[in-house]
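Okay, structure first, notes after.
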Protein chains: 2
Amino acid sequence: MTTEARIPLSRERVLRAAVGLADEHGLRAVTMRRLAEELGAEAMSLYYHVAKKEDVLDGIVEVVAEEINEAVARVEVSGGWQRAVRQRILTAREVFLRHRWAPALFEARSSTSLAVLRHYDTLVGLMRDGGFSHDQIHHALHALGSRALGFSQELFDPGSDASAEVPPELAAQLPNLVGMLSEIAHDDPDSTLGWCDDQTEFEFGLDLILDGLDRLR
Amino acid sequence: MTTEARIPLSRERVLRAAVGLADEHGLRAVTMRRLAEELGAEAMSLYYHVAKKEDVLDGIVEVVAEEINEAVARVEVSGGWQRAVRQRILTAREVFLRHRWAPALFEARSSTSLAVLRHYDTLVGLMRDGGFSHDQIHHALHALGSRALGFSQELFDPGSDASAEVPPELAAQLPNLVGMLSEIAHDDPDSTLGWCDDQTEFEFGLDLILDGLDRLR
DNA sequence: ACCTGAACACCGTTCAAGT
DNA sequence: ACCTGAACACCGTTCAAGT
């Protein structure tokens, strides 16, 4: 600790510590005071390297996005545009699985980070090579939404054993949903990113969209 | 003001005021103290009607979701499952266009609100009538993601006149993206929900998914 | 039953001051 | 150039006390 405190602060170190803090204790733990403590400094020292807290949040988006770009750059694929795009998106997803707080932060911030833009730039290039028009690609990016980056935030979580827990008078109000959930079981909770977004579901939605796009080409 | 202060507080009134505050000044303005002020009371009085701030946030999600259900209930459609689902989703979207802070809040909270569940229940029913299996419907809801509720948060905002603003050394790093954006112009900024999510793009993505689902049936 | 005042712990941030 | 202490304005929330 005291040895680490010797190392001078820097924007880079601050952001790295913030990512670590979020990984370990969630995004809510990322507080200027807590962050400084982690770095063996005072809260006010951070402001020499970082404009304000928003700057820290933008910064850690950038750090994660760079991690995505590095991972994606290592991917080698042969095959059509669809395989290439699909593989890169699934690789990006692996990074989010290591930073589970990140999807919410990416959604929350408009964050036109350079690293994020570079990721999109790669996708645009791949689709261009695949024979899409700019207009089609633009539509495609919108259709993919956050899936282009490898995650998809879900809006409700039926829970792993949802059908068992639902109180009867509530079940009566939701006959179709309860009927569905009682037939469905999620098998692989470990692969879950966010709520109900497991690997299988993510790939289903992704392929549905990619197949649809390919048909438009 | 003083006349309004006469009306006793209630959970209902607190939530309604919170929605109004968010509509007018954004979600960040929804503070226990500010909310109380709006109601002509002290911040601490709210805690008699509401457990904590999180309860307020859950509550306003519920209020908006009920507004969606009411709007959707008024919709009458004839035709196949696809027309019915599509129409209901686009109607839900209209509610979000009145509460622009709501998408971010819906995404941020896991919020298994009853009203949200009822909306999903309706969709499940429509798709069931359309001949889908429970398993297919479950996949479908995941594929739709937040689109099922009528919005789709975008991850970057190229801006309305993006191509003009990009500094040249940045453009060099993003050749494909800049190429695309220079060809594309968004015409209807007023219909935008969130960043780049305008009506046309929303419908494109929605139809792409619905068409894909119909093919699976 | 319903509302409030004072108080607590915790934020982000400014600013003048230290080395 | 880099870091800090004291201070400010603002949070959410508890708790004992008022009517």
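The basis for the numbers below is simple: all heavy atoms, side chains too, and nothing from hydrogens, waters or symmetry mates.
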Within this structure, what is the [atom1]-to-[atom2] distance between [X] and [N], rounded to whole angstrom?
X     : N      : atom1 : atom2 : answer
B:R34 : D:dT13 : CZ    : P     : 18 Å
A:D55 : C:dT13 : CG    : P     : 10 Å
A:Y47 : D:dA6  : OH    : P     : 18 Å
B:R33 : C:dG5  : CZ    : P     : 13 Å
B:E42 : C:dT4  : CD    : P     : 5 Å
B:M44 : D:dT14 : CE    : C1'   : 10 Å
A:L27 : C:dC11 : CG    : P     : 14 Å
A:R11 : D:dC2  : CZ    : C1'   : 17 Å

Ignoring backbone atoms, establish whether [X] has a side-chain N or O less than 4.0 Å from OP1 or OP2 of [N].
X     : N      : result
B:H49 : C:dC3  : yes
A:K53 : C:dG12 : yes
A:T31 : C:dG12 : yes
B:Y48 : C:dC3  : no

*Measure the shortest side-chain to side-chain distance between B:L46 and B:L39 over non-hydrogen atoms and say whether it is less than 4.5 angstrom.*
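Yes, their side chains come closer than 4.5 Å.
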
Check every atom of [options] against the side chain of [X] and return the nucleotide holding the closest atom.
X     : options               : result
B:S45 : C:dG5, C:dC3, C:dT14  : C:dC3
B:L9  : C:dG12, D:dT13, C:dC3 : C:dC3
A:K52 : C:dT4, C:dT13, D:dC3  : C:dT13

*May I ask you to decide whether B:E54 forms a salt bridge with B:R109, counting only side-chain N to carboxylate O separations under 4.0 Å?*
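B:R109 and B:E54: salt-bridged.
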
*asked:* Any carboxylate oxygen within less than 4.0 angstrom of a Lys/Arg side-chain nitrogen, looking at A:D23 and A:R100?
replied: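 Here A:D23 does not pair with A:R100 in a salt bridge, since their nearest N and O are not under 4.0 Å apart.
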
*So what's the dot-bracket for DNA chain C: Watson-Crick or G-U pairs under 3.5 Å, [ ] if a pair crosses, | if it pairs off-strand?*
||.|||||...|||||.||

*Quick one: label A:M32 by what it contacts on the DNA or RNA (base, sugar-phosphate, nothing), any heavy atom closer than 4.0 Å.*
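Sugar-phosphate contact only.
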
*Under 4.0 Å between any heavy atoms, over every strand shown, what does B:A43 touch: base, sugar-phosphate, or nothing? Just pick one.*
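Since no nucleic acid heavy atom lies under 4.0 Å of B:A43, the category is nothing.
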
*Could you tell me if the ring centre of A:H138 sits under 6.0 Å from that of A:H134?*
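Not under 6.0 Å, so no.
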
*Verify whether the ring centers belonging to B:F202 and B:F151 lie closer than 6.0 Å.*
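For B:F202 and B:F151, the ring centres are not under 6.0 Å apart.
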
*Tell me, yes or no, whether the heavy-atom count around B:E12 atom CD, taken from other residues, nucleotides or ligands under 6.0 Å, exceeds 12.*
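Not more than 12 within 6.0 Å, no.
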
*Within a radius of less than 6.0 Å around CZ of A:R34, do more than 12 heavy atoms belonging to other residues, nucleotides or ligands occur?*
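It does: A:R34 CZ has more than 12 such atoms within range.
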
*Interface residues of residues 15-26 of chain A with DNA chain C (non-hydrogen, below 4.0 angstrom)*: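 The answer is none.
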
